[in-house]
Every structure is written in structure tokens, then in C-alpha cells.
Amino acid sequence: MADPMRIRANVVGDSTEVKVLMSHEMETGQRKDAQGKTVPAWFIQSVTATYNGKTVLSAQWGPAVAKNPFLSFKFKGGAKGEKVQVTWTDNRGEKRTDEATIS
Amino acid sequence: MNIMTRRASVRVAIAAVVVGAAATVALAQTSAVEEIEKYRAALQDGNPADLWEARGEDLWKSPRGPKKVSFATCDLGQGPGVVKGAYAQLPKYFADAGRVMDLETRLVYCMVTQQGYTDADARKNPFGGPGQKSDIEALVAYVTSQSRGVKMNVALDHPKEKEAFALGEKMFVFRGGPHDFSCATCHAETGKRIRLQDLPNLMTVAGAQKAYTTWPAYRVSQGEMRTFQWRLNDCFRQQRFPDLIFTSDASIALTMYLAHNANGAAFNAPAIKR
Amino acid sequence: MNPRRRNLLQTGGGMTLLTMLAAAGWLQPHTALAADAWNAAAFDTKSMDETMKALGGGIPAQSKGITFVQTPDIAENGAVVPIGVVSAIPNTQSIAILIEKNPNMLTAVFDIPPGTEPSISTRVKMGQSSNVYALVKADGRYYVASKEIKVTLGGCGG
Amino acid sequence: MRKNILLWAGAVAVAAAVVGCATAPTDVEVSRRAAAVLKDSFNAKGQAGLDRLDQDETQRLCTQYANKPLPKDVAEMIEKLNLASIKWPADGKWLGDWKNGEKIAQEGRGKQFSDDPKGPVGGNCYACHQLAPQEVSFGTIGPSLYQFGKLRGYTDEIRKYAYGKVWNADAYSACSNMPRFGHSQILSEQQIRDLVALLMDPESPVNK
């Protein structure tokens, strides 16, 4: 199973700033291993962030997003103590959801 | 005009050309260095080493190995299970092992003596790669993070601590391999760089402090969180030496030399580097 | 200027990249790309022409309303290149990042729902020095800005 | 590894007994011990065997004097020894192709345990030197070589010096940081000619 994400969500003025680190190889499908065999592509394809059940960001990614992806964005509102949820899905169909408390 | 003055004026002319050309090139260079600084600054916010740190904390606190015990009884030098500030005082002499140990060596020791792993199992994956994450790297990320802000304070009290330091100091200048490289080839002058990467002068207190307190680090070129053992191993690889054995006496001696030279500086890792 | 890039920019009878994007019809208006199923065709293309064919849509105009933030001119390592894009264009709906010389040009698309600031930052891989494009969809129309990022060789080289 | 430490403790005891009153080992003894511990701390891997830790006379002397001024007579001896080892081109041709030279100067691979023994071997000159001004990513361990030929003159004397310096830097400056590319069989004669062309061909970007 994939490792948990690290999500930080902080109130900045009247917005909430969300910073996410995801544990993922993000294999491009172009790299060759030590034996010279091409390593198949393996990467996160979609990311969705929600707050109070409402989508605050959704994204589609290709394999050129860097390994162990980082993402930062801001949405209006958000109160301390409430939760932000982030879900990613990769091209193998693996899915991971984590949440963070806004502080 | 006599020959002497003519020569002198030719020299002056050449010097002027050199200075002029150098100035133009230097200008392009300054902006390149400034842009690289921006690149490094942009990476500081959001260090993937955090992912290793979280996994390492979990590994530290969970029962592991054939004996199903956690690291709660592992003494890193500050008492069983104490991680706070422990890394800032390593390497040190451990009476129970009769040997000077750095963090990685001590982790392997605890895995073998307390958790029941075989020595081979404990040290089989010190440096992770794609699809094979290293538990050692995760544990190191967690333990070192608990020394963030703590001043380096590596003692040379025990004779074996003194001995490790003295050996490390000599190994640092040992030239070998087809390229005649030693650690000192790249790390004994202040203000030098390889390509655009600044090289710390590890023979000065300031240089050792700056370098040692920023390892371990997430290495963006590799996408992995690398330990100081890895740093030494990869330096020797680039020196065209053979493969430095994980937790070998030489690796501990060199770590002792560099860690002690960094005394007094606040530890600030896991960091993020090229 | 790199000859290959000049070719790309001027393919099609002197058209610029931007007019080409426009001619090919970038993204369909009024669709939120990232919310749909993963657009395999768009992400799988090997060249600029294919990328454009795979995407339908509107007309991108060069815009000063799009800025790169925390995006260096030189990357110390192409494996991780920080890119931040901020759009000052009202009603920004999505932000996409394209890297001209990567094997696949389209890198990421972010949908910005109402209430979310039109500002994202992420990190991408670059195989070599290249132009990077930030494409913004706002009010159903398309805008673009570009920046060249140099990827340097670092370290001992091995 | 425990054995090493014990042996070392034994060496200290012997040293102390020999000197009579000394409690610390001498500098030479520590150096010898460090070399022995180093040798026990490596595994052969890929093309890098443990023999790479066996020092030749130049390496041994340069290690010995690493932290102190190199005595003049030792420096002269090292330079003489290394100058004698240079194999000059039989046909007297110093210059190869600067375009190949540029590639060799950029190439950082070769001789590492991680490198394919059949793969490219470069000089990695840009790691330490500025050369062509187009390359902004260059190191500063060595001096800038920008306009090397233009400033020094396109003479046979300078061509020969450039060739010899790349072949064996210690022949001109004892204990140089620069590898002895020809002497240690890192680069071939043709590769060294190509590098000399990069430095000395008026058409090379280095001289523009």
C-alpha cells in the first residue's frame, strides 16, 4: 500500500493554504533499469482536494510531474479545526486518501 | 623603449584582455549562480524527506523483527528510546558494543541485539531505490529530525573516540584510485565549486558545520532521502574508489572527523539538495 | 535561439506556436478537463502536433495576466523543477503546464473551482532546457504565457 | 572490524613501548593505520577493485604532505618522476578535433564502479574549469581556461605544454588536484589531442 501523504493546511488571512507531499515513484515509462529493461510508466493521474464535501481543486497529471509530487494551492474560507481531504489515483488504479486538520 | 618595459607593457595589455573577458563571463556567471539560489529557495517549502520522517517514526514506534519489539529499548546514547537530541552527539563510543558507532551502525546494532534480526538482514538495504524503500533511511530521517535546532556536540572523551577522529583526519587526505582523488581534492579549499555546486571546505569549522548539519537530505537528483553513510559512499564512488562498506570502520572514522568539526553549529536536517 | 525550437515555433507557414494552438483549437470551452476521465490522448502524444490534435478547443492569446512565480530561470536538476503559475485573469477556470521539449508535452492540468485562488505550484521533470507554457482557461477563453528554463549539468557528472 | 580496532590498540601499545614515554601514536603510524583500516572498509565493485587503494609513490608522498608544506626537494622529485612518464605523440601532432574535445570535457562518466566499463570515459574538465563561455555550469577548483590559446599564443611550446599537462599534471605541479589522464590510462592519446585542440585551436569556442 502506498505511504500516507503529508498534508499541511493553514489559515492565511481569509483563505486556507494547502500544501501536499505525496509518496509516489512517478515512473515516466522512459527509464531503463540496470538490466536495460524499460521500467513501465507508473504515475498519479488524478488528484482531488475537498473541503466540507466540496471540491476545492482537481487535477490531471502526466508522468512528467516530479517524483514524490508536491502541490500547493489556496482556497477562500476554511476554519481552524476543520478538515481538508486529498485523494490521488494512479494509472494502476491504486488510490490513496488522507486528510489534515486546518490550523 | 627597452625590452624590459616592452615586455611589461605587453603583460599589462594581456592582463587587460583577461580582465575584460573575465568580467563579461563573470557577469553571466553571477546571474547563473543567483538563479540557482532561487531554484534552491523554491524547493525549501515542501521537502519530500517529510515522507521518510513519517514512515521512520512509525517504524521506530512499531514492534519489529523476530522478537517483535520496538526501538523503545534502543539506546542512541541518551538513554533507552530517547531520540530527542541524540543525533547531535553521534558518533560516540558505546560500552555495550565496545565500539564507536554512528547512528546507522547503532540502528543496525539495536535491530540485531534487540529485535532479533540477523546482521545480514539488518544491513541488507541501507540505500533505497525505485520500488525498494530503505527502512534505515526512514529511521535516520525520523531520528535526525528530532535533533533539529540542537547544537552539534560530539565528544572526544573516550580513547576510541579520539582514535576514530585521528584516523578520519588521515583518511580525509588519502589519495588513491586512477584519478588520484582524496576527500581533500574537493573539500579542502574555501569558495570552490564543482560545476555550479558549492563545495564546503570541510577542514574549516564553518565548512564542516554548513555541510554536516544539512545531512541527511532529500536528494532531488535521486528522489530519495539519503543518509550520511550514503553521502560518504557516493563521494568515494565519484573518487573512483571501490564500494565503501556500510557502517565500516572507515565510514565511522570519517563521520567522527566531520561531525566533531561541526561542533557548535545547530543541526538542521533532513534538508533538501540537488 | 535553438534551431529546433525555431522550427517548432514557425511550423505551418510562419505561424507562431500560439496561433498554431489557436488553429488547432486548444481546449473545448465550458468543459472542466481535469474533472473528467484522464485524457489519455492528450497526455500520450509524442510531439507538439499530436498534442494539439488530441485537444480540442478555444483560442489562446498571449497574456500578461499570467505570471510564473517561484520558477527559476535555471534548474540545478531537471528531475525536480519548481513551477508556480498565478493567473490574474478574471474567472480563471483551469491552469495547465506544458513543457515543449519533454517526450510528452502536456504535464498537468489543474481545475480551479470558484472560491479557489487561480494560483498553483508544483514540481515537474524536464529532460533538457526548454520553453515552459502556462495555459489558462478563463470565461471559456484561452490565454498563454511562456518562460524558458535552462537545465544545467551538475555535480561530478556521473 | 572489531579485529582492526584491537590490532590498532596493539599498535599503540607497541609504539608506546618503543618510544618509551609516548602515549600517542606518531603521525606516520596513524597514517599507516588509516590506510589499513581504509583497505578493510571497501568491497571491490564493478570495475573498481581493491587495488585502487594501493598508492603509487606520487600518491603516497602527496598524502604524506597533504596537511603541511611540500618540501622543495620532494616536489622536484615528484615532478621529475612524472615528467619522465609522459608519452609524447610519436608523429609530433598535438592537435585533434576540438569538437570531440568539447564532448570529452563535458563527459563526467568513466572509471566509477557504477559506470559501464565499455561506456564513455571523459575528462570532466567543466567540473573544475571554465572553458567555452557558452557553458555556464563550470567549476572553479582549477583555473579558468577560457581563451587558453589566444592569451598564451598558438605556439608549439604551448601546445606541447597543454598536451603534457593533460597527460600528467603532476609533472608540472607536484600533487596537483588534476588527474593524470594519460599516465593513469583514463584518456587515450587521441582524446588528449582532442582536448589540446579544444584549448589551442583558434577555431575552438574556448578561444573566441
**Item:** Side-chain (B/Lys192) to main-chain (D/Thr140) donor-acceptor, under 3.5 angstrom
**Value:** yes

More than 12 non-hydrogen atoms from neighbouring residues, nucleotides or ligands closer than 6.0 Å to CD on D/Glu57, yes or no? yes

OG of D/Ser41 to CG of B/Leu254, rounded to nearest 0.5 Å, is 9.0 Å

The reported gap from NZ in B/Lys170 to CD in D/Gln64 (rounded to nearest 0.5 angstrom) is 9.0 Å

Ranking D/Gly110, D/Ala44, D/Ala66 by heavy-atom pairs under 4.5 Å to chain B gives rank one to D/Gly110

Scanning both residues in full, the closest heavy-atom pair of D/Val37 with B/Ala250 reads CG1-N, 3.9 Å

| message | Take a 6.0 Å sphere around NZ of D/Lys68 and say whether it holds more than 12 heavy atoms from other residues, nucleotides or ligands. | response | yes

d(D/Asn124 CG, B/Ile194 CD1) to nearest 0.5 Å is 7.5 Å

Between the OG atom in D/Ser31 and the CD atom in B/Glu169, the distance rounded to the nearest 0.5 Å is 9.5 Å

For this session: State, yes or no, whether a side-chain contact exists between D/Asn67 and B/Val173 at a heavy-atom distance under 4.5 Å.
Result: yes

In short, B/Arg240 meets D/Arg109 closest at the heavy-atom pair NH2-C, 4.1 Å

Looking only at heavy atoms, the pair that brings D/Asp40 and B/Ile245 closest together is O-CD1, 3.9 Å

ask   = If we only count heavy atoms from C-beta on, is the B/Arg237 to D/Phe113 side-chain gap below 4.5 Å?
value = yes

Q.
Donor-acceptor pair, distance only, cut-off 3.5 Å: does the side chain of D/Ser184 make one with the backbone of B/Pro178?
A. yes

Problem set entry | Check: D/Pro179 and B/Phe181 side chains under 4.5 Å, non-hydrogen atoms | yes

Notebook entry, point to check: More than 12 non-hydrogen atoms from neighbouring residues, nucleotides or ligands closer than 6.0 Å to NZ on D/Lys103, yes or no?
Noted result: no

Practice item. Look only at the side chain of D/Arg33 and the backbone of B/Leu167, and say whether a donor-acceptor pair between them is shorter than 3.5 Å. Key: no

Looking only at B/Arg175, B/His179, B/Met203, the option with the highest number of non-hydrogen pairs under 4.5 Å against chain D is B/Arg175

Answer key: most heavy-atom pairs under 4.5 Å with chain B among D/Met178, D/Gln185, D/Lys111, D/Arg52 is D/Arg52

Can you tell me if D/Lys39 has over 12 outside heavy atoms packed within less than 6.0 Å of its NZ? yes

Checklist entry - Just wondering, more than 12 heavy atoms not from B/Gln132 lying within 6.0 Å of its CD? => result yes

Between the CD1 atom in B/Ile36 and the OG atom in D/Ser137, the distance rounded to the nearest 0.5 Å is 7.0 Å

> Just wondering, do D/Gln59 and B/Phe174 contact through their side chains at under 4.5 Å, heavy atoms?
Replying inline: no

Looking only at D/Asp170, D/Thr58, D/Asp27, most heavy-atom pairs under 4.5 Å shared with chain B are made by D/Asp27

Looking only at D/Ala35, D/Cys128, D/Cys175, D/Ser144, the option with the highest number of non-hydrogen pairs under 4.5 Å against chain B is D/Cys175

After noting the C-alpha distance and the side-chain angles of D/Glu135 and B/Arg195, does the key distance pass the salt bridge (charged side-chain N to carboxylate O under 4.0 Å, His left out) rule?
CA-CA 10 Å; D/Glu135 179 54 88; B/Arg195 292 280 187 170; 3.6 Å; yes

Here the gap from B/Leu199 atom CG to D/Ile141 atom CD1, rounded to the nearest 0.5 Å, amounts to 5.0 Å

Okay, B/Thr185 and chain D: the region with an atom under 4.5 Å from a heavy atom over there is both

